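Here the structure comes first, spelled out in structure tokens, and everything after it is commentary.
From a predicted model like this one, the values you see are computed outputs, not experimental measurements.
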Amino acid sequence: MAIDNWKSMQAPIATIAEIGKHEGQTVTVRGWLYNLRESGKLLFPIFRDGTGLIQGVIAKNAVPAEVFDAVKGLTQESSVIVEGKVRADKRAPGGYELDVNNVQVVQRVSESDPYPITPKEHGVDFLMERRHLWLRSPRQAAILRVRAEIIKAARDFFDERGFTLTDPPILTPAACEGTTTLFPVDYFEEQAYLTQSGQLYIEATAMALGKVYSFGPTFRAEKSKTRRHLTEFWMVEPEVAYAGLDDVMELAEGLICFLVKRCLERRLSDLQTIGRDLAKLQKIEAPFPRITYDEAVKMLQDAHAKGALESNFEWGGDLGSPDETYISSQFDKPVMVHRYPAKVKAFYMEPDPQRPDLALCVDVLAPEGYGEIIGGSQRMASYDLLVQRIHQHGLPEEAFKWYLDLRKYGSVPHGGFGMGIERAVAWICGLEHVRETIPFPRMLHRLYP
RNA sequence: UCCUCAGUAGCUCAAUGGCAGAGCAUCCGGCUGUUAACCGGAGGGUUGUAGGUUCGAGUCCUACCUGAGGAGCCA
């Protein structure tokens, strides 16, 4: 069947996800052949259409010979349009089967160059090299649907609370924080960089609009090589005028609860396809445990004394990955660690008035060892102190002139946080690695496809 | 950048220093309820690259390449 003759089926089109609504009716399903089992004069093709899988049944004596022959020996991932009657069947994984009465093969995959991803085991490198095809696997498609739901839920959460979406630039003239490595870009013979955070810019839009958020890609040229890192990832960052650290923590807690609840409500079958332990997600509700950095340090030192942690933690350093894993393992909800030493944190964080050596900041650590999914703080409101910090961090004051203006013209206490979408998706889906949470991950050793 | 591990058929893996193999995939044949279907048969290899040790290297040694896991850094 030619590709330009793909609209000849007469029965109404149905999606596999909603096939149950058509029980007893004849429908058209447009998709691909996922797998084929043969048993003599019976064929069991499994079709997928992007919404789910359904097994078809074709008996040789029940259909015209050309229909049977078109499916017999058909290759995996050939595109097909099938017409058949929906029948409830307890033996079928989805509850329904399709008694096929007509088939159009839109494009037959050549048997001399078969679809490379079989329903068997494959290694990570093989699958990553074929990421454009791997996305067709039921598990990968389910993850992408959960990702889309999390993004939509995050935007709904802020939109419903009076936040305005304000998009910061992706091309920036200088380092936002100065510490991490940036991707350089030639901008009409001027040096520019891909953004590593929209935060400084949304502080400006927050002063204009009150409550704002950004949602977009960010880039880090760090040579990180772990299951938690991508060089290109997406962040949602709220920023609120007249907000303190407690407000920031409450907002972060509310967002996470909202996201988890929404996924359980709307993407339950996808979470089941992925194999997520749902009981662990059902425990996620406010309030989350809040511990100070001082308390976290004591937990880590006690853990070392008991032999539960290899290295002994000294007050003053940033929490390492094994430290975060240990702390989060002590709770079955996300844990909020606040008030880190100012010297290990970014220059723009407001000092704690009670203890000026501490910053009014918070990291939210996801349970089950997923580590930091949110980092936030109250921002420094004083012009003079901010100038001092910029110099202390060795940053060029000239590049931050506009940012300092925000403290000259009606400075107010304000704060916000950034949530890494991929880390949130990895945690909610229970994945081993963030590379499966984005259609085409960009990593230290991965720029293709 | 550092530490650890891996690289053998299209894929996933096996092979004590002694004939390079299995399952799946592909092709041929069989099977009217298969569930990663099964049964029989066929084709399929420069063992990551370059050197070295040895009568003999997939296996041991050296260097390099590629990838994975972790550290640091971070979301």
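Taking a pair to require two hydrogen-bonding distances under 3.5 Å in either a Watson-Crick or a G-U wobble arrangement, B:A42 pairs with B:U26. Nucleotide B:C31 forms a pair with no other nucleotide shown, judged by Watson-Crick or G-U wobble geometry with both contacts under 3.5 Å. Across all strands shown, B:A57 forms no Watson-Crick or G-U wobble pair with both distances under 3.5 Å. Across all strands shown, B:A14 forms no Watson-Crick or G-U wobble pair with both distances under 3.5 Å. The partner of B:C19, taking Watson-Crick or G-U wobble pairs whose two distances both stay under 3.5 Å, does not exist in any strand shown. Across all strands shown, B:A63 pairs with B:U49; the Watson-Crick or G-U wobble distances both stay below 3.5 Å. Partner assigned to B:C2 is B:G70, using Watson-Crick or G-U wobble distances below 3.5 angstrom.
A:His433 has a side-chain polar atom (N or O) that falls below the 4.0 Å cut-off from OP1 or OP2 of B:G69. A:Lys225 has a side-chain polar atom (N or O) that falls below the 4.0 Å cut-off from OP1 or OP2 of B:A68. Contact between the side-chain N/O atoms of A:Ser321 and the OP1/OP2 oxygens of B:A71 is found at a separation under 4.0 Å. For A:Arg228, no side-chain nitrogen or oxygen approaches OP1 or OP2 of B:G72 to under 4.0 Å.
Interface remark: the A:Glu38 side chain does not form any donor-acceptor pair with the B:U34 base, using a distance-only criterion of under 3.5 Å. Not a single donor-acceptor pair, N or O on each side, falls under 3.5 Å between the base of B:C74 and the side chain of A:Ser224. In terms of polar N and O atoms assigned as donor or acceptor, the side chain of A:His122 never comes within less than 3.5 Å of the base of B:C11 in a complementary pairing. Counting atom types as modelled, A:Arg423 pairs a side-chain N or O with a base atom of B:C74 as donor and acceptor under 3.5 Å.
Distance, A:Arg435 CZ to B:A68 P: 7 Å, rounded to whole Å. Separating the NZ atom of A:Lys345 from the C1' atom of B:C74 is a distance of 9 Å, rounded to the nearest angstrom. We find that CG of A:Leu36 is positioned 14 Å from C1' of B:C31, with the value rounded to whole Å. What separates CD of A:Glu432 from P of B:A68 is a distance of 15 Å, to the nearest Å. When the P atom of B:A75 is taken as reference, atom CG of A:Leu182 falls 13 Å away, rounded to whole Å. To the nearest angstrom, P of B:C11 lies 6 Å from CZ of A:Phe126. Whole-Å rounding puts the A:Arg91 CZ to B:U32 C1' distance at 11 Å. As a whole-Å value, the separation of A:Phe233 CZ from B:C74 P is 12 Å.
Under a 4.0 Å N-O distance rule, the pair A:Glu436/A:Arg147 does not qualify as a salt bridge. At a threshold of 4.0 Å, the pair A:Lys72-A:Glu38 counts as salt-bridged, since one of the basic side-chain nitrogens sits closer than that to a carboxylate oxygen.
At distances below 3.5 Å, at least one donor-acceptor pair connects side-chain atoms of A:Arg139 with backbone N or O atoms of A:Ile274. For A:Arg446 (side chain) and A:Tyr448 (main-chain N/O), a donor-acceptor pair under 3.5 Å exists by modelled atom type. A:Gln55 places no side-chain N or O within 3.5 Å of a backbone atom of A:Glu97 that could act as its donor or acceptor partner.
Residue A:Val100 comes nearest to A:Val63 through the heavy atom pair O-CG1, 3.4 Å, listed as atom of the first residue, atom of the second, then distance.
Here A:Leu230 lies in heavy-atom contact (under 4.0 Å) with a base. If you check every strand for non-hydrogen atoms under 4.0 Å, A:Glu237 touches nothing. No contact: A:Glu422 has no heavy atom under 4.0 Å from any strand. Backbone-only engagement by A:Asn35 is indicated by non-hydrogen atom pairs under 4.0 Å involving sugar-phosphate atoms exclusively. Nucleic acid contact for A:Arg139: none, since no nucleic acid atom lies under 4.0 Å from a heavy atom of the residue.
For A:Asp125 and A:Leu444, each mapped to the nucleotide of RNA chain B holding its nearest heavy atom, the one lying further toward the 5' end belongs to A:Leu444. Mapping A:Gly375 and A:Gly320 onto RNA chain B via the closest heavy atom, the residue that lands nearer the 5' end is A:Gly320.
Taking only side-chain atoms of A:Lys223, from C-beta outward, the nucleotide of B:U1, B:A75, B:U32 with the closest atom is B:U1. The side chain of A:Glu121 approaches B:U12 more closely than any other nucleotide in the set B:U34, B:U12, B:A75.
Of the P atoms belonging to B:U34 and B:C11, the separation is 32 Å, rounded to the nearest Å. Separation of the C1' atoms belonging to B:G29 and B:G43 is 15 Å when rounded to the nearest angstrom. B:A9 sits 6 Å from B:G45 when the C1' atoms are compared, rounded to a whole Å. Atom P of B:U59 sits at a distance of 15 Å from the matching atom of B:A14, rounded to the whole Å. One P atom belongs to B:G23, the other to B:U1, and the distance between them is 44 Å to the nearest Å. Going from the P atom of B:G51 to that of B:G17 covers 25 Å, rounded to whole Å. On the P atoms, B:U54 is 35 Å away from B:C13, given to the nearest whole Å. Rounded to a whole angstrom, the distance from the C1' atom of B:G48 to that of B:G7 is 6 Å.
With a 6.0 Å cutoff to the six-membered ring centre and a 45° limit on the axis angle, A:Arg161 counts as a cation-pi contact of A:Phe258.
Looking at A:Arg228 and A:Ser321, their side chains do bring a donor and an acceptor atom within 3.5 Å of each other.
Here the rule is salt bridge (Lys or Arg N to Asp or Glu O under 4.0 Å) with A:Arg339, and of A:Asp352, A:Asp246, A:Asp357, A:Asp294 only A:Asp352 fits it. Evaluated for a side-chain contact (heavy atoms from CB on, under 4.5 Å) with A:Phe417, the options A:Val364, A:Leu255, A:Val240 yield exactly one hit, A:Leu255.
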Going 5' to 3' through nucleotides 24-29 of chain B, assign each nucleotide B (protein heavy atom under 4.0 Å from a base atom), S (under 4.0 Å only from sugar-phosphate atoms) or - (no protein heavy atom that close). SSSS--

Could you walk me through whether A:Glu285 and A:Lys261 pass the salt bridge (charged side-chain N to carboxylate O under 4.0 Å, His left out) check? CA-CA 9 Å; A:Glu285 52 182 28; A:Lys261 187 159 168 274; over 6 Å; no

